[in-house]
Amino acid sequence: MSHGAIDTLRLSAEEAGALLERRELGPGELFASYRAAIAERDPELHAFLTLVEEPVGDGVPIALKDIISTRGIRTTAGSRMLENYVPVFDATVAARCKALGMSVLGKTNTDEFAMGSSTENSAYGPTRNPWDPTRVPGGSGGGSAAAVSAGLAPWALGSDTGGSVKLPSAFCGNVGLRPTYGTVSRYGIVAFASSLDQVGPVTRTVRDNALLYRIISGRDVDDSTTVEVPAVELPTADQLRGMRVGVPRQLNEVEGIEAGVKHAVDAAIALAGGLGAEIDTCELPLSVDFGLACYYLIAPSEASSNLARYDGVRYGHRSDGSDFNEMVMRTRRDGFGDEVKRRIMLGTYALSAGYYDAFYGNAQKVRTLIKREHDALFERFDVLVSPTCATTAFPLGAKAQDPLAMYLTDVLTIPSNMAGLPSLSIPCGLADGLPVGLQLIGPQFSENRLFRVAHALELALGFDPVPGRLR
Amino acid sequence: MAITREEVLRVARLARLELDDGELARFQEQLSAILAAVSKVSELDLTDVPATSHPLEIANAWAEDEIRPSLGLEDTLANAPDRDGDYFRTPPA
């Protein structure tokens with residue numbers, strides 16, 4: 001039983017905003033209602049790493065992945081390295097939310113430096129899936145997804161490099177957007193792989209997602225990779241007449257796909273046909289076969305460079321050492337966890353003399369082929385659809401000892417990320433009581449189209465985003 | 001493709017990571033498996049394929065040449081593990 005002014009479990013951010021606007025509820029009461037839900041359910045879920053006691057704005061509150069710098073609020077990136085790090089400035093996305101009166105409820109759990117697919121790589125312990133606490137919420141942004149799913153926050157921000165918004169959204173029954181590369185500022189985001197990292201909204205509804213994307217997107221002078229973004233439209237249509245939907249065979253028939261996932265996704269695609277969309281199968285032969293290899297060279301290489309900054313000098317953890325070099329080597333030994341070390345080593349190797357051309361160089365060329373393969377399909381199709389993941393949420397510990405098995409979790413989210421394309425995961429049904437994610441992929445800057453398709457499907461599917469055990 | 005213990009040590013030194021013997025053995029095995037999997041990128045004919053370093057075609061991102069406030073000294077040093085007045089302090093090189 002929640003002791004807040006209202007029950008947050010079924011409240012969308014749009015509805016919460018309407019309550020505030022009609023003055024049926026004060027911003028303090030709304031904030032307190034989410035705090036009550038957190039007090040009740042987060043001891044089990046562990047979605048939050050740091051909580052904020054008091055609201056600072058008069059708008060709808062938000063949870064932020066702990067990879068997003070927040071002035072005066074500890075930002076750990078899920079790492080011991082930043083256990084006591086308190087940013088002295090706000091990330092642009094945090095500043096834009098605050099400027100609209102949105103109070104930060106807290107910072108959500110993540111795999112260390114956003115490297116992982118289950119949130120089990122967090123130095124502060126895993127987050128649990130609200131649908132089944134013996135299972136992972138997905139990663140890396142499992143905290144944001146679990147928080148939204150369990151009504152601990154009306155909406156949240158995550159970051160997506162290989163699938164860290166889409167995968168947890170799929171596992172927890174949320175709507176998660178990975179925006180077109182360059183549409184959302186990374187200023188103040190703890191960097192992982194700079195040619196891939198994007199911040200994206202995690203929400204209960206498609207309209208909430210569009211609302212939040214509208215707030216965070218657009219050119220930022222502090223991030224020179226950002227561009228002007230087309231005006232974001234809130235979707236209203238319930239029909240898909242004339243929409244050309246491609247079903248890439250290699251994504252939809254990927255090895256290891258669970259029968260329940262296949263069934264739910266096929267049913268959603270058939271439903272799209274019923275709403276007037278033209279459905280046809282198509283091929284992405286290279287992207288699935290080579291995407292994972294390409295990603296696990298490019299992302300660790302960029303990470304090895306980005307994480308060189310953690311040297312115990314300016315901020316973050318420092319271990320003792322008799323000279324400078326020993327101090328740095330011990331700082332990184334003690335501050336980084338296993339998966340982060342593994343990726344730094346992999347990236348350092350791939351970039352080192354004698355290996356650069358065969359690994360990083362070739363991966364960048366394969367990336368070109370993956371991009372071309374997608375571009376060609378968008379001459380025939382408006383959107384592509386597939387499962388977000390071949391499986392539903394897996395049990396805690398199931399893949400923790402096998403890095404390669406964990407990497408495979410992202411095989412369906414990675415290809416479109418490599419191509420810089422926007423993609424959206426929406427819940428399309430349940431398999432054995434666990435949510436199944438449908439991935440919609442569009443050409444660059446087609447977020448409005450993805451929202452339109454997703455909204456029509458959302459209305460037709462009637463998925464209940466409240467975890468069964470919390471209803 | 002197998003990577004030797006010496007190569008793991010070399011990479012760890014390049015990456016400024018002190019590893020213990022257990023980590024060395026574990027990373028040698030895991031990195032060998034991962035490298036075998038990612039070596040797949042060399043199976044394709046990549047002649048005349050340009051590299052993509054960045055998925056957007058943007059060049060010359062201009063910003064107004066204007067003076068904006070930067071972090072002050074206290075903010076800059078606020079998270080320093082050790083400081084000496086207005087300087088970051090480290091062990092001797």
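Numbers restart at 1 for each chain; the letters A, B, ... are given by sequence-line order, proteins then strands.
Among Arg219(A), Arg314(A), Arg332(A), His317(A), the residue making the largest number of heavy-atom pairs under 4.5 Å with chain B is Arg314(A). Residue with the most contacts toward chain B among Ile344(A), Asp402(A), Val366(A): Val366(A) (heavy-atom pairs, distance under 4.5 Å). Interface check for chain B: of the options Met345(A), Arg372(A), Gln444(A), the most heavy-atom pairs under 4.5 Å are formed by Met345(A). Between chain B and the options Thr368(A), Ile298(A), Leu404(A), Leu297(A), the largest number of non-hydrogen pairs under 4.5 Å is found for Thr368(A). Most heavy-atom pairs under 4.5 Å with chain A: of the set Ala78(B), Ala51(B), Ser42(B), this distinction falls to Ala51(B). Chain A forms more heavy-atom pairs under 4.5 Å with one residue of Ala93(B), Pro81(B), Ala61(B), Ala80(B) than with any other, namely Pro81(B). Ranked by non-hydrogen atom pairs under 4.5 Å with chain B, the options Val313(A), Val221(A), Val328(A) are led by Val313(A). The residue among Gly361(A), Ser352(A), Ala419(A) with the most heavy atom pairs within less than 4.5 Å of chain B is Ser352(A).
Within 6.0 Å of the CD atom in Glu29(B), the count of heavy atoms belonging to other residues, nucleotides or ligands does not exceed 12.
Tyr295(A) does not touch chain B: none of its heavy atoms, backbone or side chain, sits under 4.5 Å away. Heavy atoms of Glu64(B) lying under 4.5 Å from chain A are absent altogether. Looking at Ser322(A), the atoms closer than 4.5 Å to chain B (heavy atoms on both sides) all sit in the backbone: N, CA, C or O. Looking at Tyr310(A), there are no atoms closer than 4.5 Å to chain B (heavy atoms on both sides), in backbone or side chain. Proximity to chain A (any heavy atom under 4.5 Å) is shown, for Ala12(B), by both the backbone and the side chain. Contact annotation for Leu46(B): both backbone and side-chain heavy atoms come within less than 4.5 Å of a heavy atom of chain A. Looking at Arg68(B), only its side chain comes within 4.5 Å of chain A, counting heavy atoms on both sides. When heavy atoms are compared at a cutoff of 4.5 Å, Leu286(A) approaches chain B solely by way of its side chain, counted from C-beta outward. The part of Tyr407(A) that comes within reach of chain B is its side chain, from C-beta onward, which places non-hydrogen atoms under 4.5 angstrom from that chain. Heavy-atom distances place both the backbone and the side chain of Asp338(A) under 4.5 Å from chain B. Contact of Leu77(B) with chain A is not made at all, since no heavy-atom distance falls under 4.5 Å. In this structure, chain B has heavy atoms under 4.5 Å from both the backbone and the side chain of Lys341(A).
Although no hydrogens or angles enter the test, the distance criterion places no donor-acceptor pair under 3.5 Å between the side chain of Thr52(B) and the main chain of Pro55(B). Listed for the Arg74(A) side chain is a donor-acceptor partner under 3.5 Å among the backbone atoms of Glu83(A). With hydrogens and angles ignored, the 3.5 Å screen pairs a side-chain donor or acceptor of Glu302(A) with a backbone N or O of Ser194(A).
For the pair Asp197(A) and Arg186(A), the salt-bridge criterion is not met [side-chain N within less than 4.0 Å of a carboxylate O]. Under a 4.0 Å N-O distance rule, the pair Arg5(B)/Asp21(B) qualifies as a salt bridge.
Between the side chains of Asp220(A) and Thr92(A), a donor-acceptor pair is found at a separation under 3.5 Å.
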After noting the C-alpha distance and the side-chain angles of Asn362(A) and Asp357(A), does the key distance pass the side chain to side chain donor-acceptor pair (under 3.5 Å) rule?
-> CA-CA 6 Å; Asn362(A) 278 348; Asp357(A) 288 337; over 6 Å; no
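Contact check for Asp160(A) versus Asn417(A): side-chain heavy atoms found under the 4.5 Å cut-off. Two residues are said to be in side-chain contact when any heavy atoms from C-beta on lie closer than 4.5 Å; Arg343(A) and Ser304(A) fail this criterion.
Separation of the Phe89(A) and Tyr187(A) ring centroids falls under the 6.0 Å cut-off.
Judged by the 6.0 Å and 45° rule, Lys40(B) forms a cation-pi pair with Phe290(A).
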